[in-house]
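Inspection log for the structure reproduced underneath, given as structure tokens.
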Amino acid sequence: MTAVVTPILHVDMDAFYASVATRDRPELRDQPVIVGGGHRGVVLSASYQARAFGVRSGMPGAQARRLCPQAVTLAPDFDAFSTVSRAVMETFRRVTPLVEVASLDEAFLDVGGAVRRLGPPEAIAEQLRARIHDEQGITCSVGLAATRSVAKLASRRAKPDGVLTIAPDQVVEQLHPLDVGELYGVGESTRSALRALGLHTVGDVARMPLEVLQHHLGRASGAHLMDLALGTDRSEVVARNAAGFGLGEPDRSMGAQETFGRDSADRGFVLRQLLRLAARVCRRMRGAGKVGRTVAITVRYADFRTLNRSRTLPEPTDVTQEVYRTAVALYDALGAHRDRLRLVGVRVEGLVSRAGVHHQLELGEPDHGWADADRAVDRAVARFGSAVVGPASLLRHDRGTRRSVAG
DNA sequence: TCTGGGGTCCTAGGACCC
DNA sequence: TCTGGGGTCCTAGGACCC
């Protein structure tokens, strides 16, 4: 039996949010559809019909509507996206346990151990595509290669609704003519830096001495980029869920941020937002059994300048009041009370499992009561549902009617 | 109607310790 | 009496991804 040379699959749903949002609405099947992009928002997903007008995800909603005024705009339903995503990932796991979920709509699979059972990787890719189409009513594209980064590149070039294999002996001819920006991890900033060095294509980078690359990009980034350009990235596919999607993953941080409906220079308003966000983050942490020591805030000014400030506590916490107090101290230390802000965020970093932390009990500890209060709130949420507190429902509706926990 | 919200990882400088 | 050198923690910032 010959060795499997392209056992790594990268599966990427086509226009995932837009596809899920319209799959039960045949009247929208051939329409330009935009998901997201409401007031002060950006496009989360655009159907291929909308993309034909130049609409892209990440684009401000206002710009998208200028480009394609006839597009149907839908609010995101993250509960539905998550449900479809979980089902898709389960389909993958019926083929191989080596499924690395990268986000709601994409995953890497190592099918090297499944070829005896299911046939060559290309056949497996087609089986998966057929199953997902039958079971979920959406299409996906698959890239096959010997490495993750090349597989990822292949899936993008296979879109929409296609399959592309890049065998090891094709890597140079396929990769090297591409713009460096096509490489995973090369965004606009790195691309500009590389262009300033006269490096435009992947091949240009591959021919550069490693030391020169590292001098300009840093040690780790330079080495990583060279690996990508040569197609020699050896990182393996590990079975895991994506960060931020729960299920026992070692989350390193949890946070929440929100752009205001309109810019505000009102300290009282900002503090109420910080409390809401701290409460939301801490509730999620308690639900996940996590505590963290570093509290960070994000402040974005009306002119889009964005600052981060953080403070590390003596002990990890999941207590809303403690995170809130720290967030307020960080905000006050900025001296931004007179400035108009468009967004604040609260994040807790350095998360560890609460079970592994021995809490130092102090006499007359003031936070004890607050921890009790948190648990009472958690019980109320568990009993009456999270319709007004869950992140998904906040995004779906309630923007005007959201209940404030601020006192 | 300009520019979301969830994350991860890397770098660099200063403090601090041995 | 003339300033090493490495490791770790903390903080700030930035790039990037979906």
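Letters A, B, ... mirror the listed sequences (proteins, then strands); counts begin at 1. Only this structure's heavy atoms are used, side chains among them; waters, hydrogens and symmetry mates stay out. Computed from a predicted model, the values in this text were never measured in an experiment.
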Check: Over how many whole Å does the gap from A:Asp263 atom CG to B:dG4 atom P extend?
Finding: 11 Å
Margin query: Would A:Asp233 and A:Ser235 count as a side-chain hydrogen bond (donor to acceptor under 3.5 Å, both in side chains) here? Give the steps.
Written below: CA-CA 6 Å; A:Asp233 177 38; A:Ser235 59; 3.1 Å; yes
Checklist line | Between C:dC18 (P) and A:Met89 (CE): distance, integer Å | finding: 13 Å
Check: How is A:Met254 classified with respect to the nucleic acid when contacts are heavy atoms under 4.0 Å: base, sugar-phosphate, or nothing?
Finding: sugar-phosphate
Notebook entry, point to check: Do A:Arg156 and A:Asp12 come within less than 4.5 Å of each other through their side chains, counting heavy atoms only?
Noted result: no
Next item on the list: In whole angstrom, give me the gap between the P atoms of B:dC2 and C:dC17.
Entry: 27 Å
Check: Any cation-pi pair here, A:Arg272 with A:Phe269, using under 6.0 Å and within 45°?
Finding: no
Next item on the list: Examine B:dC9: is either OP1 or OP2 under 4.0 Å from a nitrogen or oxygen in the side chain of A:Ser221? Give yes or no.
Entry: no
Margin query: Is it true that A:Arg276 and A:Gln273 share a donor-acceptor pair across their side chains at a distance under 3.5 Å?
Written below: yes
Item checked: Touch class at under 4.0 angstrom, heavy-atom based, for A:Arg311 against every strand present -> sugar-phosphate
Notebook entry, point to check: Using purine N1 to pyrimidine N3 plus N6-O4 or O6-N4 for Watson-Crick, or N1-O2 and O6-N3 for G-U wobble, each under 3.5 Å, what pairs with C:dC18?
Noted result: B:dG5
Note to self: Just to be sure I understand the rule, does A:Arg66 reach a base, reach only the sugar-phosphate, or reach nothing, if contact means heavy atoms closer than 4.0 Å?
What the structure shows: nothing
